[in-house]
Every structure is written in C-alpha cells, then in structure tokens.
Amino acid sequence: MIVAYEWILALHVTGAFLFLGGGVLAAIVSLLARNQSKPSEIAALLGIARIAVPLVGLGALLTLAFGLCLATRGHEFRLSAPWVIAAIILWVAAMAAGGIGGKADKETRLLAERLASEGDQPSSELDARLRDTRNLVLSWGSGVLVIVILALMVWKPGQ
C-alpha cells in the first residue's frame with residue numbers, strides 16, 4: 001500500500017514540475033518577445049510558448065488527479081483540509097486566467113506571423129498587444145496563483 005502512495009506522490013510532484021516549468025517557459029519567451037520589434041522575431045519567440053501549452057496542461061491534469069487521489073487516501077491530509085480546498089480553488093482560477101491569457105497570446109502570435117509575412121516591419125498594434133495590461137495581469141496572475149498553490153502544498157498550513 002505504501003508503494004502505491006509513493007507512486008501517486010511522485011506523479012503528483014512530476015505534474016507540479018511540468019505545470020510550473022511550462023509556466024516559466026511561457027513567461028520567459030513572453031518577456032523576451034516584448035523586447036523585440038520585428039514581427040518575425042516576436043512570432044518565433046511566441047511560437048516557443050506553444051511548447052509550454054502541453055506541459056502546463058499535462059502538469060495541471062497530473063497535479064489535480066493525483067493530488068485528489070492523495071487527499072482521498074488520507075495518509076497525511078484530507079480532502080476537507082482548508083489548505084486543500086484553497087489549492088483546488090486557486091487551481092481552477094489559475095487555469096481560467098491562464099487559458100484566457102493564453103488565447104490572447106495566441107492571437108498576438110498569429111498577428112506577428114501575419115505581419116512578418118507582410119514585410120516584417122514594426123507595428124504599434126503588435127506592440128500594444130504585447131503590452132496589454134489585461135492580458136499581462138491574467139497571464140502573470142495565473143503564474144502567481146500557481147506559486148501560491150505550490151506554497152500551500154509545501155507548508156500545508158493548519159496541518
């Protein structure tokens with residue numbers, strides 16, 4: 001029985017690494033893209049962010065599925081623990097914010113690709129999309145929520 005628990009925990013932690021690692025990759029290329037002026041360079045960088053999408057998705061799925069499995073087994077904590085409930089709520093919020101922000105990032109990448117094929121000249125519209133406050137708050141807010149979830153997982157307040 002303990003072996004099964006250790007495997008579930010290992011898969012949950014693997015999911016957390018994928019979830020956080022994918023988010024970090026997306027954040028890095030997003031920051032790098034903001035410092036470029038040529039649409040082709042922006043499109044290339046934002047294209048790298050597409051690698052992050054399946055990492056985040058798989059990591060999110062693994063963390064939730066195996067986290068719930070751990071909580072229902074009740075070895076160290078229960079599903080009803082306040083920090084577990086908070087983590088689940090934050091997970092949903094992070095996924096929603098990241099999904100909305102990711103959709104806007106995809107639209108920005110598609111614009112950059114179109115502009116690159118039409119002469120590759122700097123564009124105020126593209127620059128404005130890269131610096132859109134709403135999208136930045138959603139994307140970076142999602143990342144902050146994931147870090148808060150990680151903190152809850154490590155410290156298990158009230159446990």
- Message: Go through it in stages, so that I can follow the logic: the residues are V84 and L68, the test is side chain to side chain contact (heavy atoms under 4.5 Å, CB included), and I'd like the CA-CA distance, side-chain angles, deciding distance and then a yes or no.
- Response: CA-CA 9 Å; V84 173; L68 290 173; 5.7 Å; no

- Give the C-alpha distance, both sets of side-chain angles, the deciding distance and a yes or no for side chain to side chain contact (heavy atoms under 4.5 Å, CB included) between L152 and L90. CA-CA 10 Å; L152 286 172; L90 292 172; 3.8 Å; yes

- Item | side chain to side chain contact (heavy atoms under 4.5 Å, CB included) evaluation trace for L136 with R34 | CA-CA 11 Å; L136 291 172; R34 289 181 67 192; 4.0 Å; yes

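Minimum interatomic distance between A52 and G22 (heavy atoms only, all atoms of both residues): CB-O, 3.2 Å. Of all the heavy atoms in A87 and M153, the pair that sits closest is CB-CE, 3.3 Å. Taking all atoms of both residues into account, the shortest heavy-atom contact from A33 to L46 is CB-CD2, 3.9 Å. What you find for S139 and D105 is that their closest heavy atoms are OG-OD2, 3.8 Å. What you find for A116 and P39 is that their closest heavy atoms are N-CB, 3.7 Å.
Here the straight-line distance linking atom SG of C69 with atom CG of L64 works out to 11.0 Å at 0.5 Å rounding. Rounding to the nearest 0.5 Å places CG of L115 at 10.5 Å from OG of S40. Summarising the geometry, atom CG belonging to L130 is positioned 10.0 Å from atom CG belonging to L45; distances are rounded to the nearest 0.5 Å. Distance OG/S124 to CZ/R129: 11.5 Å, rounded to 0.5 Å. Interatomic distance, OG1 of T72 versus CZ of R78, reported as 10.0 Å (0.5 Å rounding). Note that the CD1 atom of I88 and the CH2 atom of W83 stand 9.5 Å from one another [nearest 0.5 Å].
Residues I149 and L79 share a single hydrophobic cluster, defined by chaining ILVMFWY side chains whose heavy atoms lie under 4.5 Å apart. L62 and L145 end up in the same hydrophobic cluster when Ile, Leu, Val, Met, Phe, Trp and Tyr side chains are linked at under 4.5 Å. W140 and V137 fall into different hydrophobic clusters, where Ile, Leu, Val, Met, Phe, Trp and Tyr are joined by side-chain heavy atoms under 4.5 Å apart, directly or via other members. When the side chains of ILVMFWY residues are joined at heavy-atom separations under 4.5 Å, either directly or via intervening members, L25 and L61 end up in two distinct hydrophobic clusters. Two different hydrophobic clusters hold I89 and L138 under the rule that ILVMFWY side chains link at heavy-atom gaps under 4.5 Å.
Within a 6.0 Å radius of NZ in K103, no more than 12 heavy atoms belonging to other residues, nucleotides or ligands are found. Applying the 6.0 Å contact sphere to CZ of R134 captures no more than 12 heavy atoms from other residues, nucleotides or ligands.
Counting heavy atoms from C-beta outward, L31 and N35 have side chains that stay 4.5 Å or more apart. Within the 4.5 Å cutoff, no side-chain heavy atoms of I48 are placed close to those of I28. Put simply, the side chain of L110 reaches to within 4.5 Å of the side chain of K106, judged on heavy atoms. Within the 4.5 Å cutoff, side-chain heavy atoms of T63 are placed close to those of H12. Side-chain atoms of L9 and F66, non-hydrogen and from C-beta on, never get closer than 4.5 Å to each other.
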Below 3.5 Å, can you tabulate the donor-acceptor pairs from side chains in residues 91-100 to any protein atom, sequence neighbours excluded?
{"from": "W91", "atom 1": "NE1", "to": "A60", "atom 2": "O", "distance (Å)": "3.4"}

